[in-house]
Amino acid sequence: ACGKKEEAPAPAAAPAAQAPAADKLKVGFMYVSPIGDGGWTFQHELARKAIQEKFGDKIETSMVESVPESADAERVMRDMAGQGNKLVFATSFGYQEFVQKAAADLKDVKFEHATGYKQADNVAVYDSKTFEGAYLAGLVAGAMTKTKTVGVVASVPIPEVVRNINSFVLGAQAIDPSIKAKVVWVNEWFSPPKESEAATSLLNGGVDVMYQNTNSPAVLKTAEERGAYAFGKDGDMSAFAPKAHLGSAVINWTPYYTKVVEDTLAGNWQGGNYWWGVKEGAMDLVKIADQVPQDIKDKVEKAKAGMRDGSFAVWTGPIKDNTGKEVLAAGQVADDGFLRGINFYVNGVEGKVPG
Ligand code: GUN
């Protein structure tokens, strides 16, 4: 039989061993904002392209951008399923109820919901530890603020965002405990005009270094115009504000997306709740500006090393809320349940958490 094979003429222009389309795992991505040129959705898109490249013919990925957190999201997911997608990444918190509805009906599709908390047999939830990046940025902010007042342009009031605000402030206060913070909420993930307006009001209120949990480079651009400092978030935003940019807290979704696709291809998709950070290569603070003192860069590296080997946790007591109540005792390390429920501001942050 072996000899016979050698004699057989090679088929003319043999196509590369390519799985027929029907055998490919189709993977859909749903985005809340335009991909744009940097930020939350842009990072998901980078990871989509990375897994497409990595898995080649084995998968076929597609995406739909600017899908609102409304019944539109459910319609888009049903369309994706109708087009043969068997794995769907829904990449915004507000998709949660719509993921639950679609998944209850579309039992042969696996859903992956970013930053939610509701699981099901065919729904996994995942997030990255954006608070670790916020803390690292806070260390830099603490060194660079002259007014001793930092600010955050906040998006949607959910624990993730409150945790990031606080983590940024804890980083700044690790450099100088007297640092205060102001917060302005825009109640949207992506609205460059509102993001700019909020940044302007922070700067007018005495803030000189800003962080944000929104999804565009608008805060950085505003800082650039006003001679203040800010950070990139989710993606590398250094190009948007060469003078204002102090660093970018970047999410890398590729390691997790690779794992999920590998598991799914192996028939081994498990579901669950995944929260990866610096340790797993899912978070980093990159492109720290030249003018940041070396001893601060060293502190950032030291904190990262501690996050990697487990010797350092951002949320280690003593930590007080901004009414003076102790929320973590000295030496106490917050568990995931604590982290997922943070609904207070830490000491030094002005105002009250909305809601
Ligand atoms: N949707 C768009 N951006 C974000 C974000 O930063 N966090 C969450 N949870 N959802 C988002």
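All values below were derived from every heavy atom in this structure, side-chain atoms included, with hydrogens, water molecules and symmetry-related copies excluded. All ligand and atom numbering here is 1-based and tracks the order in the structure.
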Any residue meeting salt bridge (Lys or Arg N to Asp or Glu O under 4.0 Å) with Asp108, in chain and number order, not counting sequence neighbours:
Lys86

Lys101 and Asp105 ion-paired at < 4.0 Å:
no

Give a yes or no on whether a salt bridge exists between Glu160 and Arg163, defined as a side-chain N under 4.0 angstrom from a carboxylate O.
no

Please classify the Trp40 to ligand 1 contact at 4.0 Å (heavy-atom distances, strictly less than): side chain, backbone, both or neither.
side chain

With sequence neighbours excluded, what pairs up with Phe344 under the ring-ring contact (aromatic ring centres under 6.0 Å, His included) test?
none

As a check for students: among Thr41, Ile158, Asn215, identify the option with a heavy atom nearest to atom 3 (N) of ligand 1.
Asn215

Check whether any N or O atom of Phe93, backbone or side chain, sits under 3.5 Å from an N or O atom of ligand 1, and answer yes or no.
yes

Any N/O pair Thr115/ligand 1 closer than 3.5 Å
yes

For ligand 1, which atoms sit closer than 4.0 Å to a heavy atom of [X]?
X: Glu160; answer: 5 (C), 6 (O), 7 (N), 8 (C), 9 (N)
X: Val32; answer: 1 (N), 2 (C)
X: Asn213; answer: 6 (O)

Verify the ring-centre separation between Tyr135 and Phe168: is it less than 6.0 angstrom?
no

Flag the pair Phe89 / Trp253 as yes when their ring centroid distance falls below 6.0 Å, and as no otherwise.
no

Nearest non-hydrogen protein atom, atom 1 (N) of ligand 1:
Ser92 OG, 2.5 Å

Considering only protein heavy atoms, which is closest to atom 8 (C) of ligand 1, and at what distance to one decimal place?
Trp189 CH2, 3.3 Å

Indicate whether the side chain of His44 and that of Tyr257 have a donor and an acceptor atom separated by less than 3.5 Å.
yes

